Amino acid sequence: MSTITVIEQGTCEFDGQFSMLEALDEQGFDMPYSCRGGNCGACEVKLLSGQVEEIQMPAYDCDKGYILTCSVIPLTDVEIEIP
Ligand code: FES
């Protein structure tokens, strides 16, 4: 189980949900998103530390150091920041 820390919002546990976004959503975090399918880029956040794995091949191209919460799961404890 990994811990997800959202800067200025708090932390939650990732416990096998489909995506990082789903874990944050379930636990009441106010995360930006739209398509949930890797297409729009609305869920893009900065990955400050930790490692993630892609669970779907996103059409949207992230900037370096950024991730799509709808398209990844954490592999380690991670820290993210909503831009
Ligand atoms: S919600 Fe659209 S890319 Fe993640």
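Just so it is clear, the model here is predicted, and its values are computed rather than measured. Indexing begins at 1, ligand by ligand and atom by atom, following the structure's order. Any value given below was found using the heavy atoms of this structure, including those in side chains, with hydrogens, waters and symmetry copies removed. Residue numbers start at 1 and run along the sequence shown.
- Remark: ligand 1 atoms within the under-4.0 Å shell around heavy atoms of Gly38 are 3 (S).
- Under a 4.0 Å criterion applied to the non-hydrogen atoms of Ser34, ligand 1 contributes the atoms 1 (S).
- Asp77 and Thr3 get closest at one heavy-atom pair: OD1-N, 2.9 Å.
- Results of the side chain to side chain contact (heavy atoms under 4.5 Å, CB included) test with Ser19 over Val72, Ile55, Leu24, Thr69 single out Ile55 as the only residue that passes.
- In terms of heavy atoms, Phe29 sits closest to Cys12 at CE1-CB, 3.5 Å.
- Note on Cys43: not counted as a metal contact of atom 2 (Fe) of ligand 1, no N/O/S atom lying under 2.8 Å.
- A donor atom on one side chain and an acceptor atom on the other are not found under 3.5 Å apart for Thr5 and Glu79.
- Nearest protein neighbour of atom 3 (S) of ligand 1, counting heavy atoms only, is Gly41 N, 3.2 Å.
- Annotation for Val45 and Pro83: closest pair CA-CD, 3.9 Å, computed over non-hydrogen atoms.
- Counting atoms of ligand 1 from 1 in the listed order, those under 4.0 Å from a heavy atom of Cys70 are 1 (S), 3 (S), 4 (Fe).
- Contact between Tyr60 and Leu68 at its shortest, heavy atoms only, is CD2-CD2, 3.8 Å.
- If you number the atoms of ligand 1 from 1 as listed, the ones under 4.0 Å from a heavy atom of Asn39 come out as 3 (S).
- Taking every heavy atom of Arg36 and a limit of under 4.0 angstrom, the matching atoms of ligand 1 come to 1 (S), 2 (Fe).
- Within a 6.0 Å sphere centred on CZ of Phe14, other residues, nucleotides and ligands contribute more than 12 heavy atoms.
- Near Cys35, the atoms of ligand 1 lying under 4.0 angstrom from a non-hydrogen atom of the residue are 1 (S), 2 (Fe), 3 (S).
- Remark: ligand 1 atoms within the under-4.0 Å shell around heavy atoms of Cys40 are 1 (S), 2 (Fe), 3 (S).
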